[in-house]
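Single-structure report; data block below.
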Amino acid sequence: MRAHLEQRQPDCSRRFIDLHPQQADMARLVRQGMARKPRQLPAWLLYDAEGSRLFEAIGAQPEYSLTRTETALLEDMAPQLAAALGAGVLVEFGAGNARKVGPLLNALRPAAYVALDISADHLADACDALQRRHPPVPVLGICCDYSQLEQLPAHPLLEGQPLLGFYPGSSLGNFDPEEARALLRQFARLLGPSGRLLIGIDQPKAPQRLEAAYDDAAGVSAAFAFNLLARLNRDLQGSFDPTQFRYQARWQPQHSRIAMALVSRREQMVQLAGSSWPFAAGEPLITEYSHKYTPEAFAALAADAGWRGTRRWSDPANDLSLHLLVQADSEPATTVGR
Ligand code: AVI
């Protein structure tokens with residue numbers, strides 16, 4: 001009888017689920033990316049433990065204002081954001097150090113907070129720290145490539161409540177527009193028909209300002225890109241010599257994006273994931289794109305993916321926006337504005 005009762009109790013004790021891609025998947029994705037023209041690897045590979053640490057350091061550079069501006073906006077608008085989101089479980093995609101969500105947790109008091117991120121140790125530490133700071137909110141960490149997640153894992157904290165997606169940091173910009181549409185569609189599937197999505201999107205601004213943000217004077221952005229080579233050498237038997245590449249960040253107005261690349265200084269051959277890859281002198285390995293969307297361009301992208309914007313909040317300088325989206329066929333439209 002006792003065993004029967006225990007089986008029926010929901011297992012809320014499991015607070016970390018590890019779905020990190022296997023080594024074989026990584027090798028396959030890397031081979032696919034190396035075969036592209038130009039060569040381009042999935043951006044999530046940048047976030048091993050050292051990459052996650054370097055990305056935090058980028059957020060503290062004077063040239064990179066995105067993190068500071070969005071954090072301030074979230075702090076200032078937390079009560080409004082919470083009221084607009086409504087009750088449910090807050091699911092953050094790409095939670096990183098999970099520091100941005102604090103004001104929202106205080107204002108929203110969600111039934112639970114679920115953090116998804118690719119960097120296992122970083123995520124586990126972030127969840128522990130967050131749980132200590134917000135004891136009343138149950139916290140669940142899921143280590144995964146959220147862009148490939150077909151469904152949320154079964155867990156009692158994810159049952160019986162509306163799911164409220166939170167995707168800050170303009171990380172959607174790190175996907176090509178076609179991939180971004182697919183990702184937004186996938187978020188709709190993961191969150192279900194009553195799901196809502198609060199998403200932070202960085203906007204185009206002066207090219208010099210953007211290039212400086214992605215190639216800061218202290219060299220932290222460059223170190224972040226070079227760390228990818230160290231990771232590939234370590235995890236996928238790479239033979240990259242970092243001294244034979246230089247870092248570059250360029251605004252490409254025709255695509256409304258920053259292209260970040262490691263450019264080969266000479267003709268060379270690199271071993272990686274069991275194959276040889278020739279590089280011509282000047283050939284780039286794209287480490288990341290960062291697309292910037294005007295509010296109108298983002299609304300069109302979201303609409304293509306079946307979402308409708310209901311509210312938008314932006315910082316005083318209008319550098320970036322937080323958009324609240326509902327699924328297009330879910331409820332009547334309300335006014336869009338600051
Ligand atoms: C995570 N993502 C939104 C950052 C960005 O601004 O595109 C990644 C980044 N890479 C270099 N600097 C920042």
Side-chain angles (χ1 to χ4, degrees), residues 40-71 73-74 92-101 115-119 122-123 126 145-147 166-177 179-180 183-184 187 198-231 246-252 255-263 284-293 298 301 315 319-323:
Q40 182 193 347
L41 298 181
W44 62 262
L45 281 169
L46 291 158
Y47 297 90
D48 63 354
E50 178 63 1
S52 298
R53 190 193 68 76
L54 285 165
F55 180 62
E56 273 191 46
I58 289 175
Q61 297 312 300
E63 297 94 331
Y64 190 84
S65 56
L66 198 164
T67 308
R68 277 185 300 278
T69 305
E70 192 184 50
T71 302
L73 184 60
L74 284 163
E92 180 169 357
F93 299 103
N97 61 19
R99 274 199 214 116
K100 278 188 192 161
V101 76
L116 279 63
D117 201 87
I118 191 68
S119 189
H122 203 67
L123 178 64
D145 170 9
Y146 59 80
S147 72
F166 181 44
Y167 194 36
S170 204
S171 296
L172 191 77
N174 298 131
F175 295 85
D176 295 339
E179 294 169 350
L183 185 60
L184 289 174
F187 285 170
L198 181 65
I199 181 167
I201 297 291
D202 197 21
Q203 292 163 198
K205 35 189 93 58
Q208 303 88 312
R209 191 176 157 202
L210 283 167
E211 289 184 357
Y214 289 91
D215 193 4
D216 53 274
V220 185
S221 299
F224 179 62
F226 275 109
N227 179 60
L228 175 65
L229 300 189
R231 176 177 202 179
R246 66 183 166 80
Y247 175 69
Q248 175 181 286
R250 290 277 183 276
W251 175 245
Q252 298 180 327
H255 298 293
S256 191
R257 71 187 180 195
I258 284 278
M260 286 159 270
L262 292 165
V263 180
L285 168 62
I286 304 290
T287 55
E288 235 183 336
Y289 290 119
S290 193
H291 294 80
K292 308 297 173 187
Y293 295 96
F298 175 69
L301 183 87
D315 61 297
D319 275 352
L320 56 80
S321 292
L322 289 165
H323 299 253

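Counting convention: from 1, in listed order, for ligands and their atoms alike. Small disclaimer: the values here were computed from a predicted structure and weren't measured.
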Less than 3.5 Å between some nitrogen or oxygen of [X] and one of ligand 1, yes or no?
| X | result |
| --- | --- |
| Tyr214 | yes |
| Glu288 | yes |
| Tyr289 | no |

*Could you verify whether a donor N or O on one side chain and an acceptor N or O on the other, from Gln252 and His291, lie under 3.5 Å apart?*
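Looking only at side-chain atoms, His291 and Gln252 do not form any donor-acceptor pair under 3.5 Å.
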*asked:* Can you confirm whether the side chains of Gln203 and Ser321 place a donor and an acceptor under 3.5 Å from each other?
replied: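 Gln203 vs Ser321: donor-acceptor pair found between side chains.
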Which atoms of ligand 1 are found less than 4.0 Å from any heavy atom of [X]?
| X | result |
| --- | --- |
| Gly169 | 3 (C) |
| Ser290 | 5 (C), 6 (O), 7 (O) |
| Ser170 | 3 (C) |
| Met260 | 10 (N), 11 (C) |

*ligand 1 versus Tyr47, non-hydrogen atoms closer than 4.0 Å: side chain, backbone, both, neither?*
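Contact part for Tyr47 vs ligand 1: side chain (C-beta onward).
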*Check each heavy atom of Ile258 against ligand 1 and say whether those closer than 4.0 Å belong to the side chain, the backbone, both or neither.*
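Neither part.
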*Looking only at protein heavy atoms, identify the closest one to atom 2 (N) of ligand 1 and say how far it is in Å.*
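Nearest neighbour among protein heavy atoms for atom 2 (N) of ligand 1, to 0.1 Å: Asn174 OD1, 2.8 Å.
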*asked:* Return the closest protein heavy atom for atom 4 (C) of ligand 1 as residue, atom name and distance.
replied: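 I find the closest protein heavy atom is Tyr64 OH, 3.4 Å.
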_Test item: Trp251 and Lys292 side chains (from C-beta on) under 4.5 Å apart, heavy atoms_ =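 Yes - at least one pair of side-chain heavy atoms lies under 4.5 Å apart.
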*asked:* Quick one, Phe298 and Asp202 - any side-chain contact, counting heavy atoms below 4.5 Å?
replied: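 No. Closest side-chain heavy atoms not under 4.5 Å.
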*Return yes when Ser221 approaches ligand 1 closer than 4.0 angstrom through a heavy atom, no otherwise.*
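Under 4.0 Å: no for Ser221.
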*Quick one: does Ser171 get a heavy atom under 4.0 Å from ligand 1?*
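It does; at least one heavy atom falls under 4.0 Å.
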Between [X] and [Y], does the ring centroid distance fall short of 6.0 Å?
| X | Y | value |
| --- | --- | --- |
| Tyr167 | Tyr146 | yes |
| Phe93 | Phe187 | yes |
| Phe224 | Tyr47 | yes |

*Answer yes or no: is there an ion pair linking Arg53 with Glu50, defined by an N-O contact shorter than 4.0 Å?*
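Here Arg53 pairs with Glu50 in a salt bridge, since their nearest N and O are under 4.0 Å apart.
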*Is it true that Arg209 and Asp319 have a side-chain N and a carboxylate O under 4.0 angstrom from each other?*
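Salt bridge: yes.
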